[in-house]
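Report on the following structure.
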2 protein chains.
Amino acid sequence: MRVSLKDVAERAGVSVKTVSNVVNDYPHVTPAMRARVQSAIDELGYRPNLTARHLRKGRTGIIGLAVPELGNSYFAELAGAVIDAAAQHEYTVLLDHTQGQREQEILVCQGFRARVMDGLILSPLELETEDLAARRDDVPLVLLGERRYDLPYDHIVIDNIAAARAAVRHLLALGRRRIAFLGARRDHSHQPAHLRFIGWQAELAASGVAVDDRLVATTSGWGHEDGARAMAALLDSGERPDGVFAYNDLVALGAMRVMFERGLRVPEDIAVVGFDDVTESRYAAVTLTTVSPDKEAIARLAVESVVGRLKGDQNHEAPRAARLLQPGFTLVERESTLGRRPHSF
Amino acid sequence: MRVSLKDVAERAGVSVKTVSNVVNDYPHVTPAMRARVQSAIDELGYRPNLTARHLRKGRTGIIGLAVPELGNSYFAELAGAVIDAAAQHEYTVLLDHTQGQREQEILVCQGFRARVMDGLILSPLELETEDLAARRDDVPLVLLGERRYDLPYDHIVIDNIAAARAAVRHLLALGRRRIAFLGARRDHSHQPAHLRFIGWQAELAASGVAVDDRLVATTSGWGHEDGARAMAALLDSGERPDGVFAYNDLVALGAMRVMFERGLRVPEDIAVVGFDDVTESRYAAVTLTTVSPDKEAIARLAVESVVGRLKGDQNHEAPRAARLLQPGFTLVERESTLGRRPHSF
DNA sequence: CACATCTTGTATAACGTTGGAAACAAGGGC
DNA sequence: GCCCTTGTTTCCAACGTTATACAAGATGTG
């Protein structure tokens with residue numbers, strides 16, 4: 001049987017509220033009284049019932065974090081960072097994964113998967129603007145990741161176009177001219193349509209290199225398997241790229257596996273750049289050059305954004321305008337793009 | 001402003017409890033009444049306040065899961081499986097990570113990190129029996145993973161000794177005789193002391209192969225980096241193993257990276273076997289032979305164990321005795337051990 | 001037709017906590 | 001000795017839900 005404030009109060013011979021005051025470090029409690037109550041607390045092993053506290057206070061101290069897939073190390077590493085950042089603000093994290101499915105993302109952002117959260121950090125893949133616009137739930141929501149929505153929610157994301165351009169520029173600087181893009185996703189109009197793809201396109205165009213659609217490989221997901229399949233299909237179609245920019249590291253590594261199988265050397269035959277800088281990339285047989293987003297900053301900004309809104313709500317402030325926050329990134333050069341280059345990046 | 005049962009009740013002109021009955025599908029409600037209340041619910045967009053429900057019912061519907069490190073794909077993948085398994089029982093998962101630090105593991109199992117959980121699944125690394133014995137918290141606890149405690153808690157774990165022996169047997173069958181163990185952990189008496197190590201030792205002994213301490217490399221953690229460092233140290237010491245059994249896949253892959261750097265071929269010069277079967281192992285330049293625990297089974301059993309105890313508590317049943325549950329495993333053979341073998345495994 | 005039985009809805013009291021108001025001391029100035 | 005101030009503790013009412021006990025109406029039975 002759990003011990004409550006009432007039990008402690010009886011034991012110490014004081015009122016329930018006094019015990020509560022001690023527990024909450026309310027300043028106007030005499031040291032003598034504090035000691036007396038504290039010893040009763042210790043003797044009985046009292047632990048506050050958070051649920052009751054939550055009910056009373058109207059908040060739970062729980063932030064939800066929904067990512068597509070924990071099996072993708074990027075999200076796993078990010079989740080770890082979010083948990084730590086949340087702990088700094090005395091919040092705990094309820095983690096969910098959506099498998100990158102629109103249905104699940106809708107459920108999550110509507111709060112149907114877990115309705116205990118004070119705030120929600122969502123990294124959407126398939127969610128559409130209309131889904132988000134139809135959102136009924138009133139818990140603060142912060143968006144992570146590459147997709148853009150024109151809606152009043154804070155959005156934390158690195159400059160994907162700039163990052164992609166830096167990656168492609170790096171490949172161009174190596175003298176590569178047939179640079180494939182692996183991991184395009186198609187929108188309703190069947191055009192590849194995400195920022196990393198746009199960056200690839202833009203940088204090629206800016207450098208006067210022809211943008212060749214045959215070098216664009218679409219995938220259904222963004223894991224090793226998808227990268228491997230895409231690369232195999234590309235090579236089977238007779239294309240022979242000398243550079244590959246992949247949507248993320250997993251796609252890049254999956255693609256590299258296929259290159260090894262077919263006797264293609266990295267970077268001699270094909271130079272490869274990924275995106276995310278997952279740990280795995282630093283230990284591959286050929287280590288992977290990649291765009292490294294500042295995960296800690298992303299996590300910190302996301303948590304601060306949610307927590308900031310919660311504080312605002314609490315103080316009955318007028319809601320802040322939605323912000324676009326852009327943490328930094330770096331291009332980490334590793335073996336997959338080693339080689340003589342005309343000039344340094 | 002959130003809408004409560006009371007608001008709905010006023011709108012529908014019925015009592016609060018009747019609305020509650022409708023919400024909870026209480027059987028004795030006339031269809032007419034149900035419809036009337038339901039439409040009031042829909043009009044106002046009522047959503048039950050879970051915190052209040054939790055307070056009243058004495059449970060939260062949240063299970064805690066604490067793993068050492070989300071950056072290790074094994075735990076990330078396992079966490080994903082646990083989330084799914086918990087969802088089947090209408091539980092949500094609060095995820096925490098302990099960095100494999102004893103202090104943090106103690107905090108978690110004492111319930112200090114998050115006191116909202118009905119039950120807890122913990123995968124300990126450094127936690128000692130005495131820490132666990134000193135546990136005050138009364139929420140059901142289930143243990144995962146290799147460490148063994150002689151305490152009345154359900155424990156879900158594959159047969160690590162048998163699995164390790166199968167791995168080593170596989171290497172022996174390839175004709176390897178100098179088989180290193182990478183990733184030993186040392187206990188207080190400074191002896192490597194975990195089941196995978198014991199399995200390695202046992203299988204060597206059973207096959208009449210000398211157990212050579214110089215082939216045992218201890219590490220501080222179990223990531224890529226630790227594997228790389230351990231392998232480098234082993235090679236630097238002048239040892240030249242022809243087989244490596246690693247504590248887990250990350251250690252194996254980190255070690256393989258070092259082998260590549262030093263021009264050692266896998267499997268020709270050194271055959272390698274890992275443990276965990278993380279996705280990464282299937283796409284490495286040399287794919288990794290590994291012990292594949294049934295993660296879904298582990299997750300399912302863990303959740304069922306916790307949920308079962310919760311149900312038991314609710315029905316005031318006498319607590320079940322602690323159980324040791326052993327899901328299955330398979331040895332997945334890949335390129336890192338390919339080669340002619342005297343007989344099939 | 002009175003009485004028991006079953007069905008459906010209602011009033012009220014919890015669950016454990018905290019915020020605010022009220023009550024009570026103690027001390028100081030007049 | 002009285003009033004006022006200041007500081008400390010207590011009392012009461014919430015927070016939103018569900019369980020229990022009960023009332024009221026409907027149905028069946030002798």
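The chains referred to below are lettered A, B, ... by the order of the sequence lines, with proteins before strands, and numbering in each begins at 1.
- Of the residues in residues 17-34 of chain A, those placing a heavy atom less than 4.0 Å from an atom of DNA chain C are A:K17, A:S20, A:N24, in numerical order.
- In terms of heavy atoms, A:L70 sits closest to B:A76 at O-CB, 3.3 Å.
- Distance B:Y46 OH to D:dG16 P: 10 Å, rounded to the nearest Å.
- For the pair B:T60 and A:T51, the minimum side-chain heavy-atom distance is below 4.5 Å.
- Atom CG of A:D42 has more than 12 neighbouring heavy atoms from other residues, nucleotides or ligands inside a 6.0 Å radius.
- One cannot find a donor-acceptor pair under 3.5 Å joining the base of D:dA19 and the side-chain atoms of B:R56.
- Between A:E130 and A:R102, at least one side-chain nitrogen of the basic residue sits less than 4.0 Å from a carboxylate oxygen of the acidic one, meeting the salt-bridge criterion.
- Between A:Y153 and A:H155, the ring centre distance reaches or exceeds 6.0 Å.
- When rounded to the nearest whole Å, the span between CG of B:N49 and P of D:dC15 equals 11 Å.
- In this structure, B:D7 atom CG and D:dC15 atom C1' are separated by 13 Å, rounded to whole Å.
- Using a 4.0 Å cut-off between charged side-chain N and carboxylate O, A:K311 and A:E304 make no salt bridge.
- For C:dG16, the OP1/OP2 oxygens have no side-chain nitrogen or oxygen of A:S4 closer than 4.0 Å.
- Going from atom CZ of A:R2 over to atom C1' of C:dG16 covers 10 Å, rounded to whole Å.
- The nearest whole Å value for the distance from the CG atom in B:L5 to the P atom in D:dA19 is 12 Å.
- For B:Q88, the CD atom counts as loosely surrounded, since its 6.0 Å shell holds 12 or fewer non-hydrogen atoms of other residues, nucleotides or ligands.
- Both tests pass for A:R47 against the ring of B:F112: distance under 6.0 Å to the centre and angle within 45° of the axis.
- Atom CG of A:D187 has more than 12 heavy atoms from other residues, nucleotides or ligands within 6.0 Å.
- Fit an axis to the five pairs at each end of the helix from C:dC1-D:dG30 to C:dC30-D:dG1 and the two axes sit 60° apart, to the nearest 10 degrees.
- The distance between atom CZ of B:R53 and atom C1' of D:dC15, rounded to the nearest whole Å, is 16 Å.
- Nucleotide D:dG16 holds its C1' atom 14 Å from the CZ atom of A:R115, rounded to whole Å.
- Rounded to a whole Å, the NE2 atom of A:H54 is 23 Å from the P atom of D:dA14.
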